[in-house]
Q: 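Below is one structure. I have some questions about it.
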Amino acid sequence: MTSTHADDDLQTVTLTVNGSERTVAVPPHRTLLDGLRDEVGLPGTKSCCAEGECGACTVLLDGRAVNACLVLCVEVEGRDVTTVEGLSRNGLTDLQEEFLNAGAVQCGFCIPGQVVSAEYLLRTNPSPSEEQIREGMSGNLCRCAGYQRIVRAVQATAVRRGGGHD
Amino acid sequence: MTEAPERTIEPLDLPADPGPSGQVGRPVLRYGGGDRTSGAQKFLADLSFPGALQVALVTIPVGCADVLGVDTTAARAIPGVVDVLTAADFPSRVPRFGVSHQDRPVLAEGRVNYHGEPVAAVVAETLDAAQAAARAVRVEYRELPGVYSLDAALAPGAHLVQDPSIRPGDPAAATNVLEDALYTWGDLADEEARTSVVVADVYTFPMVTHFPIEPGGTVVVPTDQGGLDIYSPVQHPYLLQRTIASVAGLPLNRVRVFAPDPGGGFGGKQNPKIEPLLAFLALRTRRTCRLVLSLEETFQSMRRAGCRITARTGFTQDGEITFHQVDADFQIGAYADVAPRVMAKGSYVAAGPYRVPAVRIAARAVLTNTTPSTAFRGFGSPQVAWATESQLDAGARLLGLDGLEVRRRNLVAKGEAFVRGESEATADGEWWQSLEKAAELIGWGEPLGPNRGRGIAVGIKPGATSGLSQSLVRLLCDGSAIVYAGTSDMGQGARTLWQQIVADELGTPLDEVSVVSGDTGTVPFDLQTSASRSTVFMGSAVLEACRDVRQRVLALYAESTGVPADQLSERPGALVTPDGELSLPEAARQALGSLRGEFIGQGTRRLRGKGNHPLGGDAAFYEFNATAIEVEVDRETGELLLTKHVTVSDVGTELNPLQVVSQDEGAAIMGLGHSQMEQLLLDEHGRIRNLGALDYRIPTFKDVPLELITGAIENHDGPGPYGSKGISEGALLCTAGALGAAVAQATGVAIPDLPLTPERVWAAMEAAGTDRPD
Amino acid sequence: MPKYYRPTSRADALTALAGAGTGARPFVGGTDLLVGLRHHTVEPELIVDLKGVADLPEPIVVTDDGVQIGPTLTMGELAAHPLVQRWYPALVEAALTVGSVAIRNRASLVGNSCNGSPAADTAPPLLVHDARVTIASQDGERTAPLVEFFLAPRRTLCGPGELVIRIDLPRPAEGSGSAFRRLTRRRGVDLATVSVAAVVDSDGRVVLGLGAVGPRPIRTELPGPVDLTDEPALIRLLDEQLEVATPISDVRASREYRVATLRVLAKRAVLAAADRRTSREMAS
């Protein structure tokens, strides 16, 4: 007999999301993706493949890019999560502006994940070559295929941040 | 890595009169783009419906079966489960719906006709409960010898996908051919008599799925008035409204469709699919019912028709096409959706944009026990273009011509017919310019490195053959404006164009123009967002609404100020008075006076079809594209490295060059998907073997060609505002042909089957014995 | 529905694993486990998260004899480690093909090995480097060569109540080189159709690791030292030795294609490994 969770199956998890401490009660199998969207109330992180193939749910976990669909809520106790909403708390970032300037945003559904991945890429490699951008972003699918536009956006942001690549 | 020479994006020269001079033609940034980058944009799954019931679908793991029984006992026992709907719960027969054929049941009725067709639906207080209950529903079924391929469906005595009872009066009801089309002109025998070389082959184009990154879903809210509010990220909200009203027996005014922007549509979100089921669930439970699809469920609800094309083409010694014969079988799936039209419209242009004296095109829409196919960017054209373009190259190779030259010799000039006979179609652009520009950009004729090849191809697609778009524009008393336009903004950036048009036509600053869409309760009718029609149809309606506003400003200004109307005139952004020009917002303010208020302009663009035309009417415009690709082949593994990819479209006028580039690049890469890697693979039970993102491969960042260059030809010769045409599909129409020709040159072997996976390229070289270096 | 347990000591972790038996799943990166949970292909009663265990072996320890890799070292950390880059370039190349950046930030080398996939990218290079696995249980520890660890698809020596706590990689012989090659259906993130790792030592002895061409990753050696300047001879030797591979046809490729490209990749990996023998630096 399959069962669904009763309240005593819920575990309380306290984590920091975009700088604020949040406490949620979730069943153990709940992914961080669903937790962020449904429990924390931050739907900017998107769900597509739900198995780590598309990158739409990319967030920063303790500063490192991860697929939120492959993280359990219960394991992020005490840890720090940054979502796309957290990147743009003070208005659009230079990176987000460059996404717009480059024409990288079409339907927009993959874009939050793209932005988080690109931000992580630039933090870990401030002067990426085009090849490094393609490699670093290759876990983020865009069916509108704005790939070349996104590469341009990342390059322009690198230049704005003083990185740039010859 | 080489830096791609990028296309310059700069303001264009527009005709002096009449003409805007401000925002149209500029690379204006995307309307709503900020929200799309910050995560603030609300897609369907992001909308909050407190207290909503969650829905899960029950399916069985075969493509064709009789359903013998559905036991919901265990499912109903799960805490939180509210209802389980099966076909037996409908009072008589399960209602059916569809665009042209009312053949698709709301739930499988006694028989499952494709892998993933819902047999039952569970409604529960939580998603966990709904999904657990869906797994607990026991379906007893007997697998049937379903037909999963064209050969199986067309074999004598084949299992019939659709029971003849749902095809009353159809003489073909005892076969799996749902519809056919025949286009003929000229005298094939005469032309064959003067033919020097004939090429013939059988080409295949795979079943591919749209794979929108937003899987989609539907929420239905029963209203206090007995109506339904439907939330669905659809391209055609007004069609969905009509469909729900029809199956639920409600007047249109009680069915309100809210259409959040689709997170990718590409044709897959045009027509109703699960929405009627959700409507019934909401009516039964009197609660809000919500279903957000998984990506796998999305794969099982939309795809492009696969196609097999037998082609025979004759050429003179000079490379002029003498005749072209095509038999095209489209594998459309279990229900019609809009696939018969894909078949008819695609095959209509199966002779390509060429001067062909004799043609016979016979096409069939063939039912199989597979996902119902639907509209998908290109709408049948990519399938037929794959065959026709490959035939041109095959002929050229025999004649010692190159791919550019053979196309130069056959491409029609502007005004010349490429479809002849009763339903003639003529070139509506200087298409040769796109071909020449693509050749120039790829460096046609430059020496090639080892294991490299270059191909060039062209493609056409008929735009909409009928249409109706209605728009309202409100010019408010402070000079700002609101546009009501029912176009779904699924990535093409339609709202940006309306903003640009209104800014220029009314003189309103760009950031003071807002656009309302996605609500049938407040926004006037728009037939569809499809066939790259919106720029031409809705764009014209918005333009007309703006001009209507200007007339009204003029009239009220005359009334308010006493200046005779015949001494006033208006032009984009301004009212011309005897004392000089006033900006339109200023004129409006003065005309409205102390009571304020606003001006409401209305615009309509209607294209009536022709009853006797096989497509229901002449296309409003044609999308034309030339693509050239250079490829390097790994002769030992068959892997392809695309070193350069050029695409040039005939766009009329670029209303927003940045958005044109985005559309062209996106379509080009999507074209590489079906050309290189995408295909739905079925097992012997009709199940999709590569169901999901892990084994259905689409292009990634690293699959983009090393250089990707887009170009546009602008002759301001389109029927849309300022001479524009639709542009969103061109760059994928002939990707396959260009790639195929490039691979053929690099390997010495032409491959008639898509996608050109490494294994397929390797196998072709093996079979041809060309893999061993001398 | 599984329960989640985050022990802080190795003893607690082993007690929990022993208690739940086949119903328990050790958990580090979760990149395979969560996919299994989603599809209900695995339905564990207990998920034992090892990331809070204080007394497990360090993620990576370098000794004069080689490196010791603990259960929590991620693919990303592995590939970024300077000494790993110098000593085990094939392993770095393989680790960098595992999923995307975000996957590599989570997936662990040990977890990837324990998953037992015949197509695991890091298995061939670990095999050619003669990796050894240390398995702990409440009864103590045992070690085994990795080549004996892989039993069948999704089955390894690590049984119920057990935990792989370390993978030891001996330091490569002076003057040897290694390389990894693989074939995929697209250029971006993909599962391997075929993969090959090779180590070539200074005398021309060749060890090969083969992925996705049998029910488990395969280790094989070419007989005797090989004259690497004689490519036809190398190809002949490979043709004979690669008979150990028994690929199948599946959704990714046919058996025939795997057989053919295995030879191509093996030749390329051997030649690339041989080229690296002088510098020992990973080609960039």
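Values below: every heavy atom of this structure, side chains too, minus hydrogens, waters and symmetry copies. Chain letters run A, B, ... following the sequence lines, proteins first and then strands; every chain starts at 1.
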Q: Please flag which part of Val189(C) lies under 4.5 Å from any non-hydrogen atom of chain B: side chain, backbone, both or neither.
A: backbone

Q: Is it true that Glu636(B) and Arg268(C) make a salt bridge, defined as a side-chain N closer than 4.0 Å to a carboxylate O?
A: yes

Q: Indicate yes or no: at least one non-hydrogen side-chain atom of Arg252(C) is less than 4.5 angstrom from one of Arg697(B).
A: no

Q: Pick one of side chain, backbone, both or neither for Leu694(B), based on which atoms fall under 4.5 Å of a heavy atom in chain C.
A: both

Q: Looking only at heavy atoms, what is the nearest atom pair of Thr637(B) and Thr261(C), with distance?
A: CA-CG2, 4.2 Å

Q: Pick whichever of Thr184(C), Val251(C), Thr193(C), Asp250(C) has the most heavy-atom pairs under 4.5 Å with chain B.
A: Val251(C)

Q: Give a yes or no answer on whether the side chain of Tyr257(C) reaches the backbone of Arg760(B) with a donor-acceptor pair at less than 3.5 Å.
A: no

Q: Is it the side chain or the backbone of Asp634(B) that comes within 4.5 Å of chain C heavy atoms, both, or neither?
A: side chain

Q: Could you tell me whether Arg155(C) atom CZ has more than 12 heavy atoms of other residues or ligands within 6.0 Å of it?
A: no

Q: With rounding to the nearest 0.5 Å, note down the distance linking CG in Asn690(B) to CZ in Arg185(C).
A: 8.0 Å

Q: Rounded to the nearest 0.5 Å, what's the gap from CG on Leu641(B) to CZ on Arg187(C)? Could you check?
A: 4.5 Å

Q: Quick one, Ser254(C) with Glu759(B), criterion side chain to side chain donor-acceptor pair (under 3.5 Å). Give me CA distance, side-chain angles, the key distance, then yes/no.
A: CA-CA 8 Å; Ser254(C) 70; Glu759(B) 176 166 2; 2.5 Å; yes

Q: Is the count of non-hydrogen atoms from other residues, nucleotides or ligands lying under 6.0 Å from Arg25(C) atom CZ greater than 12?
A: no

Q: Less than 4.5 Å apart, any side-chain heavy atom of Thr700(B) and any of Arg186(C)?
A: yes

Q: Considering only heavy atoms, which portion of Thr757(B) lies under 4.5 Å from any heavy atom of chain C: side chain, backbone, both, or neither?
A: neither

